[in-house]
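The sequence lines fix the lettering, A, B, ..., with proteins before strands; numbering per chain opens at 1.
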2 protein chains.
Amino acid sequence: MVKQTFLNLSVEKQNKILTAAKEEFARASLKDASVANIIKKAGIPRGSFYQYFNDLEGIFYYLLEEHSKDVKKRLVDNLVKYKGDVTKSFIDLYQYILKKISKEENEAYFKNIFLNMDYKIEKMFLPNLEDNLNEIIQLIDITKLNIESRLQLIYVLEIIESVMMRNLIQVFQRSVSKEKNIEIFIKEMLLINSGIYKKGDN
Amino acid sequence: MVKQTFLNLSVEKQNKILTAAKEEFARASLKDASVANIIKKAGIPRGSFYQYFNDLEGIFYYLLEEHSKDVKKRLVDNLVKYKGDVTKSFIDLYQYILKKISKEENEAYFKNIFLNMDYKIEKMFLPNLEDNLNEIIQLIDITKLNIESRLQLIYVLEIIESVMMRNLIQVFQRSVSKEKNIEIFIKEMLLINSGIYKKGDN
DNA sequence: CACCTCAATGACAAAGTGTCATAAATATTA
DNA sequence: TAATATTTATGACACTTTGTCATTGAGGTG
């Protein structure tokens with residue numbers, strides 16, 4: 001958890017600490033990173049760190065939250081732009097995230113995050129369906145979807161998010177080009193759209 | 001990594017250590033568990049532990065491997081039993097895993113695993129598609145599937161595994177009964193089967 | 001018995017964690 | 001302005017854990 005003390009700090013000092021933290025998380029996963037390294041890089045005493053955050057996780061999730069907000073905003077924008085088309089919105093979102101995590105200055109940082117992505121981090125990273133459900137659901141055009149209830153729409157969103165996340169992780173896991181990776185994601189989305197079973201056989 | 005020295009030990013001694021480790025991993029996640037606790041519980045000196053395993057992860061993944069083998073066997077059995085029907089095979093597999101992880105004596109252990117499931121653990125836990133692909137693919141009846149290539153079949157399997165895994169995690173994350181959880185998984189499988197888009201609209 | 005191989009042992013250095021009492025800085029009030 | 005209250009800064013400290021390593025012990029073999 002971030003503490004009020006940190007938020008009271010000048011923006012410059014905040015940034016100095018956040019930058020140091022990001023460097024540390026670019027060097028090592030949450031599991032292997034250390035408070036010791038962050039304070040060394042930021043040039044602050046140990047005690048200060050613990051005035052600002054509860055622990056290492058605190059600053060890790062604080063950093064991650066920025067991206068989370070950004071991703072959610074893009075999804076909402078997309079749903080408006082594509083008039084509620086879920087598939088188009090998520091394919092665009094996928095490309096947006098991919099571009100972001102591939103940026104030179106972010107790559108090592110996101111590599112550590114994605115290769116150690118657990119479901120707590122995933123929940124933080126993606127627009128949290130449980131919290132923002134209503135806002136997102138309202139924007140979706142359900143007339144094209146093969147669903148009969150709000151609950152089924154949630155299932156659809158969860159399936160898409162699962163598939164999206166796994167594909168993003170594979171960016172760092174497999175030696176596949178960005179272009180190929182997008183192609184695979186789109187193909188999987190199309191499979192989900194049309195169904196994996198032959199029509200009529202079900 | 002497990003070392004040969006451990007495998008040379010008597011089965012009783014091996015079990016004493018594995019039991020202690022399982023207790024520790026029932027108490028805490030991989031991140032929070034400690035070698036110190038395992039050796040205390042097992043009553044072995046510190047040096048011995050490091051003769052048997054490289055580190056904590058070593059024994060963690062060694063334990064997990066047992067389940068991995070078991071799950072893979074069940075999937076193969078299912079594919080035979082259900083004559084290559086992917087959906088039926090995975091729904092049965094899902095129920096099998098759910099039953100196993102809900103067992104009294106396993107619950108705390110699996111809770112820690114699933115709530116801290118990252119993609120490295122996931123890869124270990126599930127029948128590894130990359131390693132066992134051929135064996136599994138051969139058993140699948142593709143005539144019912146809406147696919148045109150071997151590659152698409154892999155996509156289908158990956159989608160199913162993603163969805164399965166997320167639902168398993170939610171057993172421990174959400175306060176939903178086992179029955180309801182199975183129901184949701186089945187509904188999601190049916191959605192994937194028939195497609196999330198209305199037929200003809202695509 | 002002498003030798004060899006492999007297992008057992010626990011002291012140790014290194015590294016990190018989170019806390020706490022105290023000092024310093026800043027804000028508030030009289 | 002001076003006194004007081006609040007907030008922030010600091011680093012020493014106790015504690016926990018890790019992985020190593022030199023030494024000891026046990027069992028088998030020629």
Min and max contacting nt of DNA chain C in 5' to 3' order, chain A heavy atoms within under 4.0 angstrom, are C/dG16 to C/dT19
Side-chain N or O of B/Lys40 closer than 4.0 Å to phosphate OP1/OP2 of D/dT17: no
Measure from the side chain of A/Pro45, starting at C-beta and using heavy atoms only, and say which of D/dT10, D/dT17, D/dA9 lies closest. D/dT10
Rounded to the Å, how far apart are B/Glu24 CD and D/dT17 C1'? 12 Å
Over how many whole Å does the gap from A/Phe49 atom CZ to D/dT8 atom C1' extend? 16 Å
Is any NZ, NE, NH1 or NH2 atom of the basic residue among B/Lys187 and B/Glu183 found under 4.0 Å from an Asp or Glu carboxylate oxygen of the other? yes
DNA chain C: 5'-proximal contact among B/Ile44 and A/Val35 (nearest heavy atom): B/Ile44
Touch check for A/Ser34, heavy atoms < 4.0 angstrom, all strands: base, sugar-phosphate only, or nothing? sugar-phosphate
Once you round it to whole Å, what is the distance between P of D/dT16 and CD1 of B/Ile39? 14 Å
Between A/Asn8 and D/dT7, is there a contact of a side-chain N or O with OP1 or OP2 at under 4.0 Å? no
Would A/Asn167 and A/Tyr94 count as having a side-chain donor-acceptor pair, cut-off 3.5 Å? no
Pair A/Lys144 + A/Asp85, salt bridge at N-O below 4.0 Å: yes
When rounded to whole Å, the CD1 to P distance for the pair B/Ile59 and D/dT18 reads 12 Å
May I ask you to say what A/Phe6 touches in the nucleic acid, namely base, sugar-phosphate or nothing, with a heavy-atom cut-off under 4.0 Å? nothing
In plain terms, say whether A/Glu158 and B/Arg174 are close enough for a salt bridge, that is, a side-chain N and a carboxylate O under 4.0 Å apart. yes
A/Lys13 or B/Ala36, whichever maps to the more 5' nucleotide of DNA chain D: A/Lys13
Are A/Glu57 and A/Lys120 ion-paired here, with the side-chain N under 4.0 Å from a carboxylate O? yes
Without decimals, in angstroms, what is the distance between A/Phe53 CZ and D/dT8 P? 14 Å
Nearest-Å distance for atom pair OH/C1', residues B/Tyr50 and D/dA22: 18 Å
Would you please classify the geometry between the B/Phe125 ring and the B/Phe110 ring as parallel, tilted or perpendicular, with 30° and 60° separating the classes? perpendicular
Residue whose nearest DNA chain C nucleotide is more 5′ - B/Arg46 or A/Gln51: B/Arg46
Can you give me the closest heavy-atom contact between A/Phe25 and A/Asn112, atom names plus distance? O-ND2, 3.0 Å
